[in-house]
Amino acid sequence: MCGCGMWGHGLVETVVVLIFSFFLFSQHETVIPSELPLIQEVTTTLREWSVIWRQLYVQDNREMFRSVRHMIYDLIEWRSQILSGTLPQDELKELKKKVTAKIDYGNRILDLDLVVRDEDGNILDPEQTSTISLFRAHEIASKQVEERLQEEKSQKQNIDINRQAKFAATPSFALFVNLKNVVCKIGEDAEVLMSLYDPLELKFISENYLVRWSSCGLPKDIDRLHNLRAVFTDLGSKDLKREKISFVCQIVRVGRMELRDNNTRKLTSGLRRPFGVAVMDVTDIINGKKSVVSKNKSQQFHNCGFFYTTGLWVTLKLLPGDIHQIRKEFPHLVDRSTAVARKMGFPEIIMPGDVRNDIYVTLVQGDFDKGSKTTAKNVEVTVSVYDEDGKRLESVIFPGAGDEAISEYKSVIYYQVKQPRWFETVKVAIPIEDVNRSHLRFTFRHRSSQDSKDKSEKIFALAFVKLMRYDGTTLRDGEHDLIVYKAEAKKLEDASTYLSLPSTKIELEEKGHSATGKSMQNLGSCTISKDSFQISTLVCSTKLTQNVDLLGLLKWRSNTSLLHQNLKQLMKVDGGEVVKFLQDTLDALFNIMMENSESETFDTLVFDALVFIIGLIADRKFQHFNPVLETYIKKHFSATLAYTKLTKVLKTYVDNAEKCGITDQLFKAMKALEYIFKFIVRSRILFNQEILLPTMTDQLKYHLERQEDLEACCQLLSNILEVLYKKDVGPTQRHVQIIMENLLRTVNRTVISMGRDSELIGSFVACMTAILRQMEDYHYAHLIKTFGKMRSDVDFLMETFIMFKNLIGKNVYPFDWVIMNMMQNKVFLRAINQYADMLNKKFLDQANFELQLWNNYFHLAVAFLTQESLQLENFSSAKRAKILNKYGDMRRQIGFEIRDMWYNLGQHKIKFIPEMVGPILEMTLIPETELRKATIPIFFDMMQCEFHSTRSFQRFENEIITKLDHEVEGGRGDEQYKVLFDKILLEHCRKHKYLAKSGETFVKLVVRLMERLLDYRTIMHDENKENRMSCTVNVLNFYKEIEREEMYIRYLYKLCDLHKECDNYTEAAYTLLLHAKLLKWSEEACAAHLTQRDGYQAATQGQLKDQLYQEIIHYFDKGKMWEEAIALGKELAEQYENEMFDYEQLSELLRKQAQFYENIVKVIRPKPDYFAVGYYGQGFPTFIRNKVFIYRGKEYERREDFEARLLTQFPNAEKMKTTSPPGDDIKTSSGQYIQCFTVKPKLDLPSKFHRPVSEQIVSFYRVNEVQRFEYSRPVRKGEKNPDNEFANMWIERTIYVTAYKLPGILRWFEVKSVEISPLENAIETMQLTNDKINNMVQQHLSDPNLPINPLSMLLNGIVDPAVMGGFANYEKAFFTEKYMHEHPEDHDKIEKLKDLIAWQIPFLAEGIRIHGEKVTEALRPFHERMEACFRQLKDKVEKQYGVRAIVSSLPISPFHNSWNFLKVQQLTIPV
């Protein structure tokens, strides 16, 4: 009640504010002072937010509604304060900051566009801002908003203030884990490995914490039973901001190959085998939403896809600080015995004294040939570390924190897996002095489950990798594809055998050998195997110690004779020690330079030392010292004359760039150029960029082409472009030309080669965009002259088109960076149009035409036009207006250009048909009317072009039908497009001499298809799966009609999937059967469209049909349609026995069939009811409107339940109370009216049943394989006849004949209805009466214990003189001369009715005989009277209609199939 009260109170406030909001924002006031653009922004923002706020209210999103309400209140209040003009300047400035921060925060949580501002908080004008500045402003704004979001989250979490302060003050965190228990029945010893994992980046971020678990369910080290603790250290602020972090526990079983093997004496033991994994989301704990998890957490283990009712029990807590702080502040949790699992990678701040020399080695995956074995090997990898003399380094491998170091590590074994994927990580810790002599060695051995065999298995291959590369650098981080060598086992153990050989496939290629050949290569005494093996490595090494050389430099004045040596030694000092004394070190360097101003002795050494320090701070380990350096330059740097020496040394390096020994130093200087320039600028000198620009671009090109130091290159190029954009730097045309000539293509290639996950991709794209933006028409014209050869032009344009298309398809910038994205689009559009002009001028004539180049252009242009960021109709009206006002509709611009380029192709058009049909269709489907009108005629041009070439346009027609299906299903296209398509193409076709008729036929075909596809799309996401099924059948029938087999099959599987979702296995089987019927039992190759599902592996139609039949039989079995399964099984058995000779499959199939037969006679199957449903009124979808359907109900579903289900699907529909067909007033009304009643299926027994069979068998056909259904109601026609009351009493019987038998591919089918004659009703009634007698007689013959009462009532009701067999009235109505004279066409039917009357006598005779045998003495008088009545009836019938006799056993009915001739649906019969 409290919550409701608060919400109610909120509604009152809502009404007040909504009224105010309407008054304020609907007027669109324009009386905003021009000097206060922020007020204008606030007003616009409030208008936009108020619309969303209303939507939140309608959606009942209370939490977000309240948040937006508070933000709106704040902005309204602050707006009033600003407009009042009474605030002091300092308060006004602070208030403006609050306003912009609130707007930016609100836009983010409402998924609106990011606003980028200048330093004063004003919105940046992209036209007046350089591309680089715009990009950097987006980065800053995005970061600020993220920080604001984090602050808001912290406030909402109501974290303890002291805890917040403690966490804010420390850069490091740790996750404390206390393992309580592992409740899991393993059966053998095991290793429990726990680690932290980022599920979004798909990588582990910490070392393993390893606990060895015994087979008895306790830790192997029993002393640690209640002290299984670990801390995962080195977590930083970036880790706290991860979207998701999981705590993963893996269990590795240590013992036999298979647990089910019991004879342990003969089995190999000690094998590491995978057992299970448990995962828990600990994001809330890591990011502080939960400060501590005091209760135990149980996570289920997963093994082979099954769940265990077992788990891992742990306590978790996030602790602030590094390991030293934690031990000091939380001694009750963490002591010296607590295992420390470090982060795999450097912490954000490397603390002094944190000495680390760790190499993380991950076994990734392998691929091993089975060799002479019949199955794949059980591969075990052994990891060890050896020196160059072949001596193994002992105890240097750590499988996990909490465990002892080992000398060799053995991998998990995957049983008979050819391509094992391990992803097992160990830590290798080697003394720093031994690293350069050491290598990792990986040996591979097949492990057998039998101990006797396993002992004989030797190492079959080896791989290795050195920890130091040939150039002296440490083994690079990342994945390594190692070469797998084979040789004799003894040779493989000798390091000298392989150490001189290449270890990776990259090294192999560098030495001129092929790494991809299928045949094995011999290198020395080793052979390169076809096997493959990949590892990944990560090096985390620091050596931060006090250094005397640094002290010598800081106290340089005490001994100037050692100054030269101290300056050189500085560049050998560990960076961590340098940055601790950063200001003192920089002061010392500049003091040395300034105090020796008359000499150049130390200038180069000081310059090199300065470059070294700047390079250190650029390193990721010391990024947090960047603000320290910036502050030093701004506040502490005082060497006013340093610029002369710095520029002189820099110029010397540039002038002598080609000289030996200078190149490396120049390269380092270029990396540090940003801060060198800041020092120079701070020294008040304007350096002439004319001198440096060509050299810098040359150096940038050199390093970019080699993919070296990309971050430094990007930073430098950004700074150059930023300077050139400024208005006060003089003419820049020549400078832009230099950059274009030297760097444009290089930057393009850098972007192409760079992965989307690279941190630099956004910066490089910004650089590329800036270059293009700063290029004038002159530069584009000059670009054509720059490339001398035609092939070079083609390559450049190819690269550019591919790059643009990739960037458009997968934008590097977030979706809310609208200004940046629109700026990029504007630049790209201009560039595309400029390059299109180049295509027209250079690559259009017959001699120089480049098909692929033009093709790439069209695909790029269409991708640009259809990109999400340009689809204005998806935006709010305010955003749409902003974009149109600023940029116009770029889709129209590029669309008209595409149209012109198409028509420019001339004779080359045919080369693009049908490939370009899809892209052009995609373009025409854009919901922009003028664009559609301009581009739809291209289709007629394509038809015309193909017709002139081939005398038909079949390829075009096929392609547009296929593509239209995909596009409409994907959400494109609408009613307006259908109308325009119809109108425009018909106009063109009718004017054409040869295409008038065929063209009109084609257009009408496509329009019909569009109608069905639009219906399908509308209903596709409907919760009502039955509507989706109907629409799907509607579409697939259309494709069947036009013989589009590929699309027909596609929709068959859509329908099948829908049935499986609803557990309609019978209908799913019938649906798949339609696909199977398209196939032959032959060796004919399977076309691609026939195998649209990945699960089918078939080369021939026969193989595919076999697989389909097996699946269909499986579904028929699940649907209890065993008769259908048997029929298919017989056909399949024929193939197995006489064509495929697959006796194994045959035997399995026959066993299934035997079970099906047994099910038929023993399993009770529920009989579903059938219902007629009419949907009347214009409110229903077209595919059911004013139509009647027969529905097959679910098992045990009553009509009331079925009706309730119907009305749930159509909640606005009204149920009709009559079963009579409605009039036109109902059918044409705008409402929805549903008519529903039960109908009776009419038995249509297969002809094979020509003798008596069990009712259990017949009962199936009473409700299955039925196509005719009846509904009867009594009606009186004309005046009442006093002599014969039945003469004008009619039964109006409607016979519904469905288009297909039920069940089928749907649980319902449409029907029609007509009237039939009373005589036919009489025939049917007599048939039913005879069948009823026959059935009951058979039941009593089969089961003598049945009660006699039902038989008594049935027989007496027929032989009673008052009834006289029930046919006396038929005699009066039909067996008269008058009737015969009026209806001569009914002669055969009257004879049939007489025959049925005659056959009733032997049926009755048998029933009375059985009755006499079973009647009790008390009922004997009743039986005798019934016998007397029967004799009278028998004499009468045999005299009039002849004698019928049953020779042996009773036939089921001589007229069981006599109603096949009825092709009608409604009858009216006198009773």
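In this structure, the ring of Y485 has its center no less than 6.0 angstrom from the ring center of Y498.
For the side chain to side chain contact (heavy atoms under 4.5 Å, CB included) test with V361, the passing option among L440, L538, V465 is L440; the others fail.
Annotation: ring-ring contact (aromatic ring centres under 6.0 Å, His included) contacts involving residues 361-408, sequence neighbours excluded, comprise F368-F444.
The existence of a salt bridge linking E146 and K238 is excluded, since no basic side-chain nitrogen approaches an acidic carboxylate oxygen closer than 4.0 Å. A salt bridge between E258 and R256 is absent, with no side-chain N of the basic residue lying under 4.0 Å from a carboxylate O of the acidic one. Between E207 and R342 there is no salt bridge, since no side-chain N of the basic residue sits under 4.0 Å from a carboxylate O of the acidic one.
Residues passing the side chain to side chain contact (heavy atoms under 4.5 Å, CB included) test with D198, sequence neighbours excluded: L200, E201, I205, R242. Considering only residues two or more places apart in sequence or on other chains, T338 meets the side-chain hydrogen bond (donor to acceptor under 3.5 Å, both in side chains) condition with D335. For R441, the salt bridge (Lys or Arg N to Asp or Glu O under 4.0 Å) test picks out no residue, with sequence neighbours left out. Evaluation of the side-chain hydrogen bond (donor to acceptor under 3.5 Å, both in side chains) rule for K370 yields no partner, not counting sequence neighbours. Under the salt bridge (Lys or Arg N to Asp or Glu O under 4.0 Å) criterion, D494 pairs with no residue, sequence neighbours left out.
Proximity of Q365 to S532: side-chain heavy atoms (C-beta onward) are nowhere separated by under 4.5 Å.
Atom CD of Q416 is surrounded by more than 12 heavy atoms from other residues, nucleotides or ligands within 6.0 Å.
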